[in-house]
Number of protein chains: 2
Amino acid sequence: MEPRPVPPGGRATLRDVARLADVSPKTVSRVVNGEPGVTEAKIAAVTAAIDKLGYRPNFTASSLRRANGRTATIGVVLEDVANPFSAALYRAMEDVAREHGVSILAGSVDEDPARERALISAFAGRQVDGLIVAPASTNQGYLNAEILAGTPVVFVDRAPAGVQVDAVLIDNRSGAREAVRHLIAHGHRTIGYVGDLRTIATARDRLQGYRDALADEAIRPRPEHIVEDRHTESAAEQAVHALLDLPEPPTALFTAQNLVTIGAIRALRARGRQHSIALVGFDDFPLADLLDPPVTVVAQDPSAMGRLAASLIFRRLDGGSWEPTIHPIPTRLIPRGSGEIRP
Amino acid sequence: MEPRPVPPGGRATLRDVARLADVSPKTVSRVVNGEPGVTEAKIAAVTAAIDKLGYRPNFTASSLRRANGRTATIGVVLEDVANPFSAALYRAMEDVAREHGVSILAGSVDEDPARERALISAFAGRQVDGLIVAPASTNQGYLNAEILAGTPVVFVDRAPAGVQVDAVLIDNRSGAREAVRHLIAHGHRTIGYVGDLRTIATARDRLQGYRDALADEAIRPRPEHIVEDRHTESAAEQAVHALLDLPEPPTALFTAQNLVTIGAIRALRARGRQHSIALVGFDDFPLADLLDPPVTVVAQDPSAMGRLAASLIFRRLDGGSWEPTIHPIPTRLIPRGSGEIRP
DNA sequence: CTGAAAGCGCTTACAG
DNA sequence: CTGAAAGCGCTTACAG
């Protein structure tokens with residue numbers, strides 16, 4: 001609580017400390033960085049001066065001069081931190097980064113390629129040691145300059161295009177196939193699909209998985225039962241209302257993203273059909289098990305994905321070298337009730 | 001996709017660009033920063049060299065030398081990004097920061113004061129232009145050095161102690177009082193309290209609000225109906241089981257935090273009591289309206305809180321000056337069903 | 001309109 | 001064990 005004698009309006013520098021302790025700047029640097037070969041007396045003098053001035057080393061300046069140029073900061077580009085999937089990814093990365101004494105610059109892109117580039121440009125300009133990206137763009141060739149310059153880049157959730165990098169991905173197609181197969185196994189032949197923007201590759205993969213599962217059982221997909229480009233809860237809700245208004249409505253729904261699933265549930269509830277129309281969602285979400293009926297989902301493991309993505313960055317920073325690889329993370333079907341409703 | 005002629009293993013510098021364009025570094029600097037007074041010819045030469053080298057300005061170095069020393073980066077210290085409350089706060093701050101061309105360094109403290117200090121130290125060492133903090137510590141006097149040095153600091157969700165800063169807060173006590181008053185108005189006289197760690201000031205405030213509401217109606221609080229220090233879902237779940245096992249169990253519950261509310265719901269479900277025991281939770285959470293019964297809550301507005309907190313930082317950075325103030329954000333009781341169950 | 005010199009806060013590479 | 005000089009990548013403050 002005692003006010004510290006900091007230079008008014010500015011912060012003390014290493015030179016201020018050196019002057020007060022009556023040593024050279026280099027000696028202060030040695031003390032600050034815990035380098036050996038400084039007498040106890042000088043260490044004490046420097047430490048006292050640091051305390052007195054409230055000196056805080058300028059890490060930014062030191063990394064500018066330091067041999068490896070590392071900033072102990074990585075950049076994380078997410079879809080939307082407010083979405084629990086992104087939030088879980090981020091939290092897992094943060095935990096790994098903390099173990100390495102590394103801070104995180106993060107931002108959300110909301111499916112906007114321009115925002116993705118702006119964030120990466122801002123992070124690269126701040127000399128991040130690595131980048132973890134869940135891309136919204138269709139091609140990330142612009143990252144090649146960074147990669148050539150030696151910055152490790154890892155993609156998460158979405159595959160790279162135009163660039164060779166490690167990627168932590170799930171198999172969206174087979175996950176979706178499993179979901180729809182589950183519905184078929186419970187007797188459904190007319191299954192509606194409601195999915196995210198078709199500009200998103202993972203959304204297209206999930207639709208393909210849906211088609212695969214139908215083809216497996218020689219069920220002809222009905223175009224009117226397939227609704228793409230639903231990115232929000234309310235857009236999905238409307239889509240489900242429309243599906244149920246069809247002359248031949250589906251008896252089951254596969255909803256290919258967490259917000260879409262929630263929108264679908266709202267529509268089913270509004271019609272009192274939640275116990276008569278089966279539902280399997282892609283992506284788990286908090287409280288899915290507490291709804292009535294509990295929601296069957298194909299769960300991803302965002303914590304595992306985030307941990308692995310961050311670990312890959314740090315392995316490369318620690319000198320690890322390997323060809324850029326796809327690192328698959330398995331999905332898991334969790335039957336809870338909504339997916340086991342029979343037609 | 002075409003590989004750029006970047007110096008192998010390193011990035012091009014402003015000097016590299018200057019050499020290639022055959023101008024002085026200062027001229028490159030002018031072009032990069034869009035300063036006026038450069039001939040079209042030189043601009044073209046510099047731009048071509050930048051493209052050829054894949055040059056990206058080192059923003060870190062420029063802010064070291066730049067007059068105001070700004071890094072266009074702020075630090076955000078949250079409770080836990082994976083909690084939807086923190087995630088919503090963060091997202092709102094991010095949106096404001098983006099409008100100002102500012103990046104965010106963020107981290108979670110998980111109620112650990114040491115982590116709080118470590119994060120702030122890391123962010124300050126990276127020369128952030130401002131700090132937004134949801135503190136876990138009981139005293140933040142250590143921030144005074146930063147504040148004296150001119151870094152704007154804003155607290156959010158939790159009040160400052162030992163330091164004079166702006167704070168964006170809700171009135172936890174009166175919010176809790178309103179919640180419990182609501183239960184009393186619906187006929188309850190024995191109301192259980194389940195709350196977060198008593199080390200958290202807002203948890204203590206909410207308990208006080210609970211006591212206030214009982215006192216208002218001259219209801220004697222029963223110590224055995226008050227359970228503190230429940231920080232996780234499962235801890236809260238256990239607590240509710242224990243409450244309902246009492247000889248005289250409460251007919252209603254006030255759960256003073258979002259995870260605690262969810263844990264309580266799990267316990268009520270497990271016993272099939274969700275329609276017979278009333279429940280009001282503090283903090284809204286996604287899907288609260290889709291549960292059965294829908295959950296009555298006292299809602300905070302984390303988006304409004306985050307936006308305001310970030311705006312305050314930028315107003316100060318833009319030269320605004322005022323005495324550090326508490327900025328109250330109202331809470332709102334949302335009756336949905338669980339809180340209107342009668343004894 | 002353009003550039004040479006100095007310096008932001010720190011570390012490197014030496015010398016003693 | 002200690003420090004003087006130079007330099008990280010850039011901008012400032014001048015001079016022309």
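In what follows, chains are A, B, ... by sequence order, proteins preceding strands, each numbered from 1.
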Would one find more than 12 heavy atoms of other residues, nucleotides or ligands at under 6.0 Å from atom [atom1] of [X]?
{"X": "B:Gln164", "atom1": "CD", "value": "no"}
{"X": "B:Arg70", "atom1": "CZ", "value": "yes"}
{"X": "B:Asn33", "atom1": "CG", "value": "yes"}

Nucleotide nearest [X] (side chain, heavy atoms from C-beta), chosen from [options]:
{"X": "B:Leu64", "options": "C:dC8, D:dC10, C:dC10", "result": "C:dC8"}
{"X": "B:Thr27", "options": "D:dC8, C:dA4, C:dT2", "result": "C:dT2"}
{"X": "B:Val38", "options": "D:dG9, D:dA4, C:dT2", "result": "C:dT2"}
{"X": "A:Arg66", "options": "D:dT12, C:dG9, C:dT12", "result": "C:dT12"}
{"X": "A:Arg15", "options": "D:dG3, C:dC8, D:dG9", "result": "C:dC8"}
{"X": "B:Arg30", "options": "D:dT2, D:dT12, C:dG3", "result": "C:dG3"}

Within the structure, does a side-chain N or O atom of [X] lie under 4.0 Å from either OP1 or OP2 of [N]?
{"X": "A:Ser62", "N": "C:dC10", "result": "no"}
{"X": "A:Ser63", "N": "C:dC10", "result": "no"}
{"X": "A:Ser29", "N": "C:dT11", "result": "yes"}
{"X": "B:Thr39", "N": "C:dT2", "result": "yes"}
{"X": "A:Asn58", "N": "C:dC8", "result": "no"}

Whole angstrom value for the distance that separates [atom2] of [N] from [atom1] of [X]:
{"X": "A:Lys42", "N": "D:dC1", "atom1": "NZ", "atom2": "P", "answer": "12 Å"}
{"X": "A:Asp22", "N": "D:dC1", "atom1": "CG", "atom2": "P", "answer": "19 Å"}
{"X": "A:Arg70", "N": "C:dT12", "atom1": "CZ", "atom2": "C1'", "answer": "17 Å"}
{"X": "A:Glu35", "N": "C:dT11", "atom1": "CD", "atom2": "P", "answer": "8 Å"}
{"X": "A:Tyr55", "N": "C:dG9", "atom1": "OH", "atom2": "P", "answer": "10 Å"}
{"X": "A:Arg56", "N": "C:dC10", "atom1": "CZ", "atom2": "P", "answer": "13 Å"}
{"X": "B:Arg19", "N": "D:dG9", "atom1": "CZ", "atom2": "P", "answer": "10 Å"}
{"X": "A:Arg65", "N": "C:dC14", "atom1": "CZ", "atom2": "P", "answer": "11 Å"}

I need the minimum non-hydrogen distance between [X] and [Y], along with the two atoms involved.
{"X": "A:Asp80", "Y": "A:Ser86", "result": "O-CB, 3.0 Å"}
{"X": "B:Ser62", "Y": "B:Phe59", "result": "OG-O, 3.0 Å"}
{"X": "A:Asp16", "Y": "A:Arg11", "result": "OD2-O, 4.2 Å"}

Look at the side chain of A:Thr202 and the backbone N and O of A:Arg158, then say whether any donor-acceptor pair between them is shorter than 3.5 Å.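 Side chain of A:Thr202 to backbone of A:Arg158, a donor-acceptor pair under 3.5 Å: no, none is there.
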Between A:Lys26 and B:Ser24, name the one whose nearest nucleotide on DNA chain C is closer to the 5' end.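 Looking at DNA chain C, the more 5' nearest nucleotide goes with B:Ser24.
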Sugar-phosphate, base or nothing in reach of B:Pro57, heavy atoms under 4.0 Å: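 Since only primed, P, OP1 and OP2 atoms lie under 4.0 Å of B:Pro57, the category is sugar-phosphate.
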Verdict with reasoning, A:Thr73 to B:Arg126, per side-chain hydrogen bond (donor to acceptor under 3.5 Å, both in side chains): CA-CA 9 Å; A:Thr73 307; B:Arg126 284 164 182 74; 2.9 Å; yes
Involving DNA chain C, stems made of at least three consecutive Watson-Crick or G-U pairs, both distances under 3.5 Å: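 Looking at DNA chain C, the stems formed by three or more consecutive pairs are C:1-3 with D:14-16, C:5-12 with D:5-12, C:14-16 with D:1-3.
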